[in-house]
Amino acid sequence: MGQISGGHFNPAVTLSQFTIRRLDAISAISYMMVQIFGAFLGAIVFRGVVSNSLYEDYFVGSHLIKDNSEDRVTRFQAFLIDALLTAFICSVYAQANLDDECSRLTIPCTWAVITFISYPLMGQCANFAIALANSVVFHLFTGDGSHTIFVYLNGFAAVLGVLFTFLLWWYAKKTRVAY
C-alpha cells in the first residue's frame, strides 16, 4: 500500500501531495474522501466497543483544549501547534522518496515524534479527519456539541500546514542550482 499511496491516512498529507504534483486531482479527492470515511468508521467502531464512561473519559480527557485549565494549551496555541506539526509531517512526505529505505523509516519516526508532542498537549495528532470524526461522533452519541464547534480550527491548521509545506517545496525547487 505504501508504494501506491505513500501510506498516508491524513487528508492534509494528501492535499500537500497534490499541491506538489505527486497526486492528480481525482486521486487526491478520492483519497481524502476515503480517509475521512475511515476516520468516521474508526470513531464509530471505537464508540461501539467501549463503555459510555470510558468513551467520555477518553474523548473529554484527550480533547484539544480546555478553556481555563493550567495543564492544557489555549485554542490559539493548539492551532499553531497543529499547523506546525501538520507542516512538519507534510514536509517529510514531500521530501520522501518511497523507493529509498531511509525515507520509509523517516515517515513512521516522524509520526512517532508528532504523537509524543501533540497527544499530551492537544489530545490528537495533526490529522483533521480524526479530529472531525471524533468530534462529530462524540456529539452524536452524547449530545454534547461543545467540542464540535471548534473543529474548524483543525481544518484551518491543516490548510495552513499544507500551505507552508507548498511554499517550502516551491522555494527549495526554485533555488536548486543546476550543476
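As the structure is a computational prediction, the values presented were derived from the model and not from experiment. In this chain, residues are counted from 1 in sequence order.
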**Request:** Apply side chain to side chain contact (heavy atoms under 4.5 Å, CB included) to the pair Asp82 and Asn154, showing each step before the final yes or no.
**Result:** CA-CA 7 Å; Asp82 200 10; Asn154 300 97; 3.2 Å; yes

**Request:** Have a look at Asn10 and tell me which of Trp111, Tyr93, Tyr31 forms a side-chain contact (heavy atoms from CB on, under 4.5 Å) with it.
**Result:** Trp111

**Least distance between heavy atoms, Cys90 atom then Val162 atom** = SG-CG2, 4.3 Å

**Message:** How close do Ile36 and Pro11 get, counting heavy atoms only, and between which atoms?
**Reply:** CG1-CG, 4.1 Å

**Message:** Keeping Thr19 on the side-chain end and Phe166 on the backbone end, is there a donor-acceptor pair under 3.5 Å?
**Reply:** no

**Prompt:** Any side-chain heavy-atom pair from Phe18 and Met32 closer than 4.5 angstrom?
**Reply:** no

**Item:** Asn127 side chain to Phe9 backbone, donor-acceptor under 3.5 Å
**Value:** yes

**Request:** Considering non-hydrogen atoms only, spot the tightest contact between Arg21 and Lys173 and give its length.
**Result:** NH1-NZ, 4.1 Å

**Close side-chain approach of Val151 to Phe128, heavy-atom, < 4.5 Å** = yes

**Message:** If you define the side chain from C-beta out and look only at heavy atoms, does anything of Phe46 sit under 4.5 Å from Val50?
**Reply:** yes

**Request:** Search all heavy atoms of Ile107 against all heavy atoms of Ile89 and return the closest pair with its distance.
**Result:** O-CD1, 4.4 Å

**Fill in**
Of all heavy-atom pairs linking Phe164 and Ala87, the shortest is CD2-CB, 3.5 Å

**Asked** Rounded to the nearest 0.5 Å, how far apart are OH of Tyr171 and OG1 of Thr175?
**Response** 5.0 Å

**Prompt:** Does the Arg47 side chain pair with the main chain of Phe138, one donor and one acceptor, at a distance under 3.5 Å?
**Reply:** no

**Asked** Linking I/L/V/M/F/W/Y whenever any side-chain heavy atoms sit under 4.5 Å apart, do Phe88 and Val13 land together?
**Response** yes

**Asked** For the hydrophobic clusters of this structure (ILVMFWY residues joined by side-chain heavy atoms under 4.5 Å, transitively), does one cluster hold both Leu15 and Leu163?
**Response** no

**Item:** Within one Ile-Leu-Val-Met-Phe-Trp-Tyr cluster: Ile44 and Leu140, side-chain cutoff 4.5 Å
**Value:** yes

**Request:** Taking all heavy atoms of Leu168 and all of Ser91, pick out the closest pair and write down the distance.
**Result:** CD2-OG, 3.8 Å

**Fill in**
Sequence neighbours excluded, the answer for ring-ring contact (aromatic ring centres under 6.0 Å, His included) partners of Phe40 is none

**Within-4.5 Å side-chain heavy-atom neighbours: Ser27 and Asp24** = yes

**Item:** Atom pair OG/CD1 of Ser135 and Ile130 - distance to nearest 0.5 Å
**Value:** 11.5 Å

**Request:** Evaluate side chain to side chain contact (heavy atoms under 4.5 Å, CB included) for Leu160 paired with Thr86, printing each intermediate quantity in order.
**Result:** CA-CA 8 Å; Leu160 187 62; Thr86 299; over 6 Å; no

**Prompt:** Among the clusters formed by ILVMFWY side chains lying less than 4.5 Å apart, do Ile20 and Leu167 turn up in the same one?
**Reply:** yes

**Prompt:** Cluster question for you: counting only ILVMFWY and a side-chain heavy-atom cut-off of under 4.5 Å, with indirect links fine, are Leu153 and Val159 together?
**Reply:** no

